[in-house]
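Please read all numbers here as calculations on a predicted model, not as lab measurements.
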Amino acid sequence: MSAEHRIKELRQKLNYFNHKYYVEAAPVVSDYEFDTMLRELQDLEALHPEMADPNSPTMRVGSDLTNKFRSISHAYPMLSLSNTYSLEELHEWIGKVRAEVGDDVEFCCELKFDGSAISLTYEGDSLHHAVTRGDGTRGDEVTENIRTIGHVPLVLQQPSGLPSFEVRGEVYMSYPTFDRLNAEREAAGEQLFANPRNAAAGTLKLQQSQVVAKRELQFVPYQVEGQQLPFASHSESMESLRKWGFPVSDAMRKCLSEQEIDNYIEYWDKQRHEFPTPIDGVVIKVNSYADRRKMGRTSKAPKWAVAYKFKAEQALTRLLEVSYQVGRTGAITPVANLDAVHLAGTTVKRATLHNADQIAALDLRVGDMVYVEKGGEIIPKVTGVELSCRAEDSQPLQYITHCPECGTELVRYEGEAKHYCPNQSHCRPQIVGRIIHFIRRKAMNIESLGEETVELLYDNRLIADMADLYDLRAEQLAVLPRLGEKSAANIIQSIRSSKEVPFHRVLFALGIRFVGETTAKYLAEHFHSMDAVMAATREELIEAEEVGEKIADAIIDYFADEHNRSIVERLRKAGLQFEAEQRQTVSESLAGLTFVISGSFADHSRDELKALIEAHGGKNLAAVSGNTSYLLAGDKIGPAKLQKATKLGVKIISEQEFVDMIGGEDHPVVEPAKEPEQQPTAPVQGSLF
């Protein structure tokens, strides 16, 4: 069998398997079989680049190259929907519809998934591009990110018979995925997403589709747009989408009366709490396309559809006490402990209070009857006090002044809403939290260790910090509860294997405040070694991509601490990777020169230009300063950078002038540096990305 034939065969099979898994929830092959075929296809495509296809199943994995979103005009405006929160208003709208198109009008009721709207354009039955709603007229092209979503067919399961058409739908994140993502962000010391809607929207705009692929976004269609569509109604269009391979919701219903619509709303207002995905209402649409054309639209919304929004559920219960949790960064989080109350399908006993300012604003007092809400927010929160129930002898709540774990006096940094325990070296939750962060998959990936085992090792005084992990011996672990010789050997082997983890993940694993996974990667690319990061001044740190003053100060504070420096030195002696893989050097023609790049360019991407600068001995800076040698300017250059360069007398050069500096147009382009090669990750069946 020829390579071309095998590639086509594998693509067809894998597309079918993806559809069965993601859309029909009926996998037909094992994870191992799927992975084996996917890797075979990846290998064949690498050997035959002439057969590249942007809609190959291998594109589900995403890329680690930075995307640059371009703005695209919508062929058909992406309008908003009119909202109502009352059945009375909904009935009035139904009456207006009947007055305009007749009493026998048929409606379609659909669940309103709470995510981010997207428009998918298909040409020749293959995905051509994907665009966000934007301002309704223009949006950002996020095609590479959308290709990573398993629920989106890259190639239709059946021919559509249409040269081109658009599918409008919602990209959303399930509750389990949201919980996992926030747990990872909390462990990394990053700000948590407030709800799945924000998480989905933020993920769509990420610059690396490889990261998007790991976030397990989902998609549901709700509209088809195009010229001369072969459908007489919305329900017909949805059935066609289902045949073509789209994950059309089974919850859609056709309704003829107000009572049927009311029943649908009542049912889903209760059932939504059992649903694994966020639903914030019901959309009621006129089914007939002919009726829709009669009704038309306003400048903002169609007249033939309306969204009934569910009310945020609220409960009244008693505040029993306020407890305080200590995170790995020392941040103190106050928690309201409540009389158990049923809310949004779950029993709530605890709710977040965020910080001292919120407690003061609510004037909370122990014993108060408080309102707890769980609307768009996943974590219940206290939203108010029922003052009519307050006891006359109640006293204002006094926020703690000392750490509840170690007794150290708390501090509140300028510009921060939270209080912190500064005792990083001797406060148990901070120490254990940092070690748990260190072992996580995106950090050192010491997979045989879990949170409970870390606590067990700490409580048995076998480890007091992350560096102690590399001094452990199997015989020390085998005698501990729940372990044994086999588990002990696995843990030791995982610790040894972690020494091969690349430098940027080691830097992330240290748990420096505000230094998340992406920032650590930028720091590694900019400074190349741990020694360079440790020695960098505040100004030099700010020159790195994505590093602002707050992050720079946090890095300096971390390495100014003697205890932290001691841990870092012990990790060095243990054999961890403290240097980034160096880029290939072509020449030293730019040695000693620094460049800031701004704008878009005709012949090179910004990443290619950065790679060329470093390959010829130069250095890239993120911001123009007195140390900048050249501002490499393209089209649509940032006005602030141009103004500052002019003010400081920094020489401004064009793309062609830069190419001349490194030897002319025919000089080979150096590929941007990529992360050290790892096993390919795919959205395989039954596994997390």
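- The number of heavy-atom neighbours closer than 6.0 Å to CD of Glu414, taken from other residues, nucleotides and ligands shown, is 12 or below.
- Side-chain contact between Leu120 and Val131 is absent, with no heavy-atom pair separated by less than 4.5 Å.
- Listed for the Asn145 side chain is a donor-acceptor partner under 3.5 Å among the backbone atoms of Leu206.
- In this structure, the separation between NZ on Lys619 and CD on Glu543 is 5.5 Å, given to the nearest 0.5 Å.
- Side chain of Thr646 to backbone of Leu642: a donor-acceptor contact under 3.5 angstrom is found.
- Under the 3.5 Å distance criterion, with hydrogens and angles disregarded, no donor-acceptor pair is assigned to the side chains of His128 and Thr121.
- No hydrogens or angles considered: a donor-acceptor pair under 3.5 Å links the side chains of Glu45 and Ser56.
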Review point. Step by step, would you call His437 with Phe508 a ring pair (Phe, Tyr, Trp, His ring centres under 6.0 Å)?
Key: CA-CA 9 Å; His437 168 74; Phe508 170 59; 4.8 Å; yes
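- The CD atom of Gln210 lies 10.5 Å from the OG1 atom of Thr148; values are rounded to the nearest 0.5 Å.
- Looking only at side-chain heavy atoms (C-beta outward), Lys499 and Leu576 come within less than 4.5 Å of each other.
- Residues forming a salt bridge (Lys or Arg N to Asp or Glu O under 4.0 Å) with Glu4 (at least two apart in sequence, or on another chain): Lys8.
- The closest side-chain heavy-atom distance from Glu540 to Thr537 is below 4.5 Å.
- A salt bridge is absent between Arg565 and Glu569: the closest approach of a Lys/Arg side-chain nitrogen to an acidic carboxylate oxygen does not fall below 4.0 angstrom.
- For the pair Glu549 and Arg538, the salt-bridge criterion is met [side-chain N within less than 4.0 Å of a carboxylate O].
- You'll find the side chain of Leu523 reaches within 4.5 Å of the side chain of Leu541, heavy atoms only.
- Electrostatic pairing of Glu525 and Lys610 does not count as a salt bridge here, judged by no charged N lying under 4.0 Å from a carboxylate O.
- A distance of 4.5 Å separates CG of Asp53 from CZ of Arg11, quoted to the nearest 0.5 Å.
- Taking 4.5 Å as the limit, some side-chain heavy atom of Thr519 sits within range of a side-chain heavy atom of Val547.
- Using a 4.0 Å cut-off between charged nitrogen and carboxylate oxygen, Glu166 and Arg168 count as a salt-bridge pair.
- Between Tyr413 and Tyr420, the ring planes lie tilted relative to each other; the angle falls in the 30° to 60° range.
- When all heavy atoms are compared, the tightest approach of Tyr122 to Leu127 is CD2-N, 3.4 Å.
- Taking 4.5 Å as the limit, every side-chain heavy atom of Phe595 sits out of range of all side-chain heavy atoms of Leu609.
- Using a 4.0 Å cut-off between charged nitrogen and carboxylate oxygen, Asp140 and Lys205 count as a salt-bridge pair.
- Every side chain to side chain donor-acceptor pair (under 3.5 Å) that Thr203 has, sequence neighbours left out, goes to Arg215.
- Within 6.0 Å of CZ on Arg412 lie more than 12 heavy atoms contributed by other residues, nucleotides or ligands.
- Sorted pairs that involve residues 642-659 and meet salt bridge (Lys or Arg N to Asp or Glu O under 4.0 Å), not counting sequence neighbours, are lacking altogether.
- With rounding to the nearest 0.5 Å, the separation of OG in Ser119 from OH in Tyr76 is 10.0 Å.
- Salt bridge status for Lys442 with Glu184: present, with a side-chain N to carboxylate O gap under 4.0 Å.
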Review point. Step by step, would you call Ser116 with Arg197 a side chain to side chain contact (heavy atoms under 4.5 Å, CB included)?
Key: CA-CA 7 Å; Ser116 188; Arg197 178 185 63 254; over 6 Å; no
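- Taking CG from Leu507 and OG from Ser529, the interatomic distance works out to 10.5 Å, rounded to the nearest 0.5 Å.
- Remark: Arg513 does not engage Asp553 in a salt bridge, criterion side-chain N to carboxylate O under 4.0 Å.
- Within the 4.5 Å cutoff, the side chain of Met37 has heavy atoms near those of the Leu14 side chain.
- Residue Glu216 holds its CD atom at 4.0 Å from OG1 of Thr177, rounded to the nearest 0.5 Å.
- Between Ile652 and Tyr630 the shortest side-chain heavy-atom distance does not fall below 4.5 Å.
- Using a 4.0 Å cut-off between a side-chain N of Lys or Arg and a carboxylate O of Asp or Glu, Arg434 and Asp465 do not qualify as a salt bridge.
- Across every non-hydrogen atom of Thr143 and His129, the tightest pair is OG1-CA, 3.3 Å.
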